[in-house]
Amino acid sequence: MLRRRLSPLLPLDPVQDCSEICRQIAGYEFPWDVTKALEIALFRTFCVPSVGKLLDATGEFHHHPQKRYDDTGLIISSILKWGYDSEQGQAAIGRMNRIHAHFPIRNEDYLYVLSTFIYEPIRWIERFGWRQLSEGEKQSLFQSWLHVGQQMGIQDIPATYDQFERFNQDYETQHFRYSEATRRVGESTLTLFLSWFPAFLRPALKPVVYALLDDVMLAAFGFPAANPRLRQLLETLLRWRGRILRYLPPRKRPYFYVDMPQRSYPQGYTLEDLGPPALLRSLNRSSGSE
């Protein structure tokens, strides 16, 4: 029997119920896929020289890469789990806004990063998911992140799914290019990813990471070209994983990054713990005065 979980989603409206549909997608339907796609999305944003330059200057991915990764994952996962319009989602967005306010981030870079949260999970699932997303589910992802972007104060967000996707594609064509700052941030992030595995495996896993990135990303980071056979093997394995999942029982309990043990916070965390260490004192002082 084929796996089925669409029935809870079918009565929902893609616009009015976009938060709940996104929660189902990220927590029940495709939790591993969404997490991996958002990791690629995070990596992808560094290919924009202005983003890479800012991250390189802050040093967060050089000195505190795991905390930077966990903080980002916890905020995004909180929004997906609870919804942008919930108390928890509003608190996560507020914390993100307070962190971002300390850095000179261009509106067009905000727009591009926001777009990756929509289209990278969709593209990953289209390639490797156990089923395809419906058009309504795609619209829900767009609508949910549209509201998040508005609450972040991002200007000129394209009004439709197709327009925002074209912006995403055009922005990459115009802005993806190599820079020394991008290379340094990319190497620090690669080192982080490899640190999750035993040391003796890391040299063998580095080509695997290269194979997961497309050629445009590899060029922007100055990474070596991927082995085409290894890339084909990985894509085949990921597609077979999706096919096998079709025949497994539906997930009954949600699985969100925010519910997982965190390397940076083994004793747990609060929102006030999230943010660059150098800024935490001023962030929490301003938060407490609100």
Side-chain angles (χ1 to χ4, degrees), residues 3-45 69-96 113-152 161 164-165 168 212 238 241-242 245-246 248-262 265 269 271 274:
R3 177 179 182 161
R4 288 285 184 264
R5 279 211 79 258
L6 275 176
S7 54
L9 300 177
L10 292 177
L12 300 180
D13 182 89
V15 177
Q16 299 299 321
D17 302 313
C18 60
S19 286
E20 175 59 23
I21 293 174
C22 288
R23 190 180 77 87
Q24 294 285 334
I25 291 171
Y28 289 92
E29 297 286 276
F30 304 99
W32 186 84
D33 298 275
V34 168
T35 297
K36 294 300 127 184
L38 290 175
E39 288 176 355
I40 298 296
L42 179 72
F43 220 160
R44 199 168 192 87
T45 62
Y69 174 89
D70 288 337
D71 289 357
T72 301
L74 290 169
I75 288 174
I76 294 174
S77 182
S78 294
I79 296 169
L80 288 171
K81 178 178 180 178
W82 302 108
Y84 69 87
D85 49 355
S86 67
E87 180 180 350
Q88 298 93 331
Q90 290 284 297
I93 295 170
R95 186 63 177 182
M96 179 169 56
V113 173
L114 184 70
S115 73
T116 66
F117 296 160
I118 303 169
Y119 300 106
E120 287 305 312
I122 290 172
R123 291 164 185 161
W124 179 283
I125 292 169
E126 285 180 338
R127 294 174 66 195
F128 306 126
W130 65 270
R131 66 169 176 82
Q132 296 293 290
L133 292 172
S134 69
E135 291 303 313
E137 288 171 312
K138 295 178 185 179
Q139 285 294 330
S140 292
L141 285 165
F142 167 73
Q143 290 291 332
S144 187
W145 285 111
L146 171 66
H147 287 292
V148 173
Q150 291 170 342
Q151 293 179 27
M152 292 173 65
Y161 177 97
F164 207 6
E165 185 174 29
N168 170 271
L212 286 171
L238 287 168
R241 172 189 173 274
L245 285 179
R246 295 176 194 173
L248 297 183
R251 178 178 292 277
K252 294 183 179 179
R253 297 180 61 186
Y255 184 80
F256 288 96
Y257 185 80
V258 72
D259 298 322
M260 298 166 57
Q262 302 300 322
Y265 307 105
Y269 73 96
L271 276 180
L274 307 186

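Heavy atoms only: backbone and side chains are in, while hydrogens, waters and symmetry mates are out. Numbers here simply count residues along the sequence, with the first being 1.
- Of all non-hydrogen atoms in Gly149 and Leu114, the two that sit nearest each other are CA-CD2, 3.8 Å.
- For Asp259, the side-chain contact (heavy atoms from CB on, under 4.5 Å) partners are Lys81, Phe256, not counting sequence neighbours.
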field: Working for side chain to side chain contact (heavy atoms under 4.5 Å, CB included), residues Leu245 and Trp32
entry: CA-CA 12 Å; Leu245 285 179; Trp32 186 84; over 6 Å; no
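- Proximity of Tyr265 to Leu74: side-chain heavy atoms (C-beta onward) are separated by under 4.5 Å at one or more points.
- Residues satisfying the side-chain hydrogen bond (donor to acceptor under 3.5 Å, both in side chains) test with Gln262, not counting sequence neighbours, are Tyr257.
- For the atom pair Ile76 CD1 and Leu38 CG, the distance stands at 5.5 Å (nearest 0.5 Å).
- Put simply, the side chain of Phe117 does not reach to within 4.5 Å of the side chain of Val34, judged on heavy atoms.
- Looking at residues two or more places apart in sequence or on another chain, you find no side-chain hydrogen bond (donor to acceptor under 3.5 Å, both in side chains) involving Gln132.
- Note that OG of Ser134 is 7.0 Å distant from CD1 of Ile25, once rounded to the nearest 0.5 Å.
- For Ser140 (side chain) and Pro14 (main-chain N/O), a donor-acceptor pair under 3.5 Å exists by modelled atom type.
- Annotation: side-chain contact (heavy atoms from CB on, under 4.5 Å) contacts of Asp17 (sequence neighbours excluded): Leu12, Asp13.
- When the ring-ring contact (aromatic ring centres under 6.0 Å, His included) test is applied to Tyr255, no partner is found at least two apart in sequence or on another chain.
- The closest side-chain donor-acceptor pair between Glu137 and Gln24, if any, does not fall under 3.5 angstrom.
- Judged as a side-chain hydrogen bond (donor to acceptor under 3.5 Å, both in side chains), and not counting sequence neighbours, the contacts of Arg123 are Glu120, Asn168.
- Arg95 contributes a side-chain N or O that, together with a main-chain N or O of Leu274, makes up a donor-acceptor pair within less than 3.5 Å.
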field: Residues Phe30, Phe128; criterion ring pair (Phe, Tyr, Trp, His ring centres under 6.0 Å); working and verdict
entry: CA-CA 10 Å; Phe30 304 99; Phe128 306 126; over 10 Å; no
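- Remark: the backbone N or O of Leu42 is paired with a side-chain donor or acceptor of Thr45 at under 3.5 angstrom.
- Taking Thr35 as the reference, Glu39 meet the side-chain contact (heavy atoms from CB on, under 4.5 Å) condition, with sequence neighbours excluded.
- Qualifying salt bridge (Lys or Arg N to Asp or Glu O under 4.0 Å) partners for Asp33, counting only residues two or more places apart in sequence or in other chains: Arg241.
- Between Arg253 atom CZ and Tyr28 atom OH the span is 9.5 Å, to the nearest 0.5 Å.
- Scored by the side-chain hydrogen bond (donor to acceptor under 3.5 Å, both in side chains) test, Gln143 finds no partners at all (sequence neighbours excluded).
- For the pair Gly83 and Ser19, the tightest heavy-atom approach, listed with the atom from each and the gap, is CA-OG, 3.8 Å.
- Between the side chain of Gln88 and the backbone N or O of Ile79, no donor-acceptor pair lies under 3.5 Å.
- The salt bridge (Lys or Arg N to Asp or Glu O under 4.0 Å) search around Glu135 returns Lys138, not counting sequence neighbours.
- Applying the ring-ring contact (aromatic ring centres under 6.0 Å, His included) rule to Trp82 yields no partners; only residues at least two apart in sequence or on another chain are considered.
- Considering OG of Ser144 and CZ of Arg23, their distance stands at 12.5 Å, rounded to 0.5 Å.
- One N or O on the side chain of Tyr119 and one on the backbone of Glu165 form a donor-acceptor pair closer than 3.5 Å.
- For Gln150, the side-chain contact (heavy atoms from CB on, under 4.5 Å) test picks out Leu146, His147, Ile157, with sequence neighbours left out.
- At a threshold of 4.5 Å between non-hydrogen side-chain atoms, the residues Cys18 and Tyr84 count as touching.
- Atom-to-atom distance recorded for Met96:CE and Ile75:CD1 is 6.5 Å, nearest 0.5 angstrom.
- Distance check, rounded to the nearest 0.5 Å: CG of Leu133 to CD1 of Ile21 gives 11.0 Å.
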